[in-house]
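Here is the structure we will look at.
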Amino acid sequence: MRNLRIQEDFFRLPTLLMTEKLLGMVLVHHAPGGELLKGKIVETEAYLAEGDQACHAYRGMTPRNRPMFASPGTIYIYFTYGNHYLMNIVTEPEGTAGAVLLRALEPLEGVAAMERNRGSKSGTILTNGPGKLTQAMGIGPELNSCSLLHSPKLFLEEGKPPLPDEIGTSGRIGISRSTELPWRKYISTSPYVSGKASTKRCKKTRNALES
DNA sequence: TGTAAGATCTAG
DNA sequence: TAGATCTTACAA
């Protein structure tokens, strides 16, 4: 059988190209409980240290963002809002910070386990957000700094890429700076795409536009 | 040491 | 729509 696992060359692509190429690929996690969880990536965002004030590494390396400076294919997982773990795939050569945030997945395998992980929620709200997808997939801080190239538990597989006219582009969501950069990519036909702007975000965006 | 902000989510 | 939640970064 053909090895579907994504290899090193892919992770050397420029970050902005990677946001597009990741759409349709399959994230695979062998969860500690023994379940095999798979989900198709349907929404991504790029973060680059250079010129991007919304990027954690904009001001340089800190203990938290250290994995962003590691080799391409490394996983950067961080905790935010007191509740949520968010998962990024590190891009750019070692020493240069760049990453792609996974914002939404379409569940493919292990749906029952995902629903359990999410507290019996089902349907699109299972994985239509960056915090939701990590919870559903059982991805937590223990996987921070591991590599999609070498980890036996977490890796990417080839999937069916979207057609060019299925790929949507927009400004990034949930941030207050550099919102004008069109660095969010999504599969427009997928019901699992997040993107319902929160109130907080609307206010902030409105304020930014008014000032 | 104190404070503000934050790549979010959910209940009501 | 408001609040829970708590870590990180930065200023004093």
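Note on naming: letters A, B, ... go to the chains in the order of the sequence lines (proteins, then strands), and numbering restarts at 1 for each one.
Residues passing the salt bridge (Lys or Arg N to Asp or Glu O under 4.0 Å) test with A:Lys185, sequence neighbours excluded: A:Glu20. Applying the ring-ring contact (aromatic ring centres under 6.0 Å, His included) rule to A:Tyr58 yields no partners; only residues at least two apart in sequence or on another chain are considered.
The distance from atom CD of A:Gln53 to atom C1' of B:dA5 is 14 Å, rounded to the nearest whole Å. In this structure, CG of A:Leu133 is placed 16 Å from P of B:dA7, rounded to the nearest angstrom. Between A:Leu101 atom CG and B:dA7 atom C1' there is a gap of 6 Å when expressed in whole angstrom units. Between A:Arg64 atom CZ and B:dA5 atom P the separation is 15 Å, expressed in whole Å. Atom C1' of nucleotide C:dA9 and atom CZ of A:Arg59 are separated by 8 Å, given to the nearest angstrom. If you take CZ of A:Arg177 and C1' of B:dA4, they are 12 Å apart, rounded to a whole angstrom. We find that NE2 of A:His56 is positioned 4 Å from P of B:dA7, with the value rounded to whole Å. Between A:Asn65 atom CG and B:dA7 atom C1' the separation is 13 Å, expressed in whole Å.
With hydrogens and angles disregarded, a donor-acceptor distance shorter than 3.5 Å links the side chain of A:Gln7 to the backbone of A:Arg5. A:Ser194 places no side-chain N or O within donor-acceptor distance of the main-chain N or O of A:Gly129, the cut-off being under 3.5 Å.
In this structure, A:Arg118 reaches the sugar-phosphate backbone alone: every heavy-atom distance under 4.0 Å involves primed, P, OP1 or OP2 atoms, never a base.
In the hydrophobic clustering of this structure, A:Leu148 groups with A:Leu133; members are Ile, Leu, Val, Met, Phe, Trp, Tyr whose side-chain heavy atoms approach within less than 4.5 Å, directly or through other members.
Taking atom C1' on both nucleotides, B:dA5 is separated from C:dG3 by 16 Å, rounded to a whole Å.
The environment of A:Arg118 atom CZ is dense: over 12 non-hydrogen atoms of other residues, nucleotides or ligands sit within 6.0 angstrom. Environment of CD in A:Glu50: sparse, with no more than 12 heavy atoms of neighbouring residues, nucleotides or ligands closer than 6.0 Å.
Using a 4.0 Å cut-off, no side-chain N or O of A:Thr80 falls inside it from OP1 or OP2 of C:dT8. Here A:Lys121 does not reach the OP1 or OP2 of B:dC9: none of its side-chain N or O atoms lies under 4.0 Å away. Side-chain nitrogen and oxygen atoms of A:Arg103 include at least one within less than 4.0 Å of the OP1 or OP2 phosphate oxygen of B:dT8. Listed pair A:His84 / B:dA7 fails the phosphate criterion, with no side-chain N or O lying under 4.0 Å from OP1 or OP2. Residue A:Arg184 places no side-chain N or O under 4.0 Å from the OP1 or OP2 atom of B:dA7.
Residue A:Met87 is the one, among A:Met87 and A:Gln135, whose nearest nucleotide of DNA chain B lies closer to the 5' end (criterion: closest heavy atom).
When distances are taken from the side chain of A:Pro130 to each of B:dG6, B:dT8, C:dA9, the shortest belongs to B:dT8. Looking at the side chain of A:Leu86, the nearest of the listed nucleotides C:dC6, C:dA4, B:dA7 is B:dA7. Side chain of A:Lys132, nearest nucleotide from C:dA9, B:dA7, B:dT10: B:dT10.
By the 30° and 60° cut-offs, the orientation of the rings of A:His56 relative to A:Tyr78 is perpendicular.
A distance cut-off of 5.5 Å between ring centres, combined with a plane angle under 30°, places A:Tyr47 in a stacking arrangement with the base of B:dA7.
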message: Let me check I have this right: for DNA chain B, each base becomes ., (, ), [, ] or |, based on Watson-Crick or G-U pairs with both distances under 3.5 Å. What is the full string?
response: ||||||.||||.
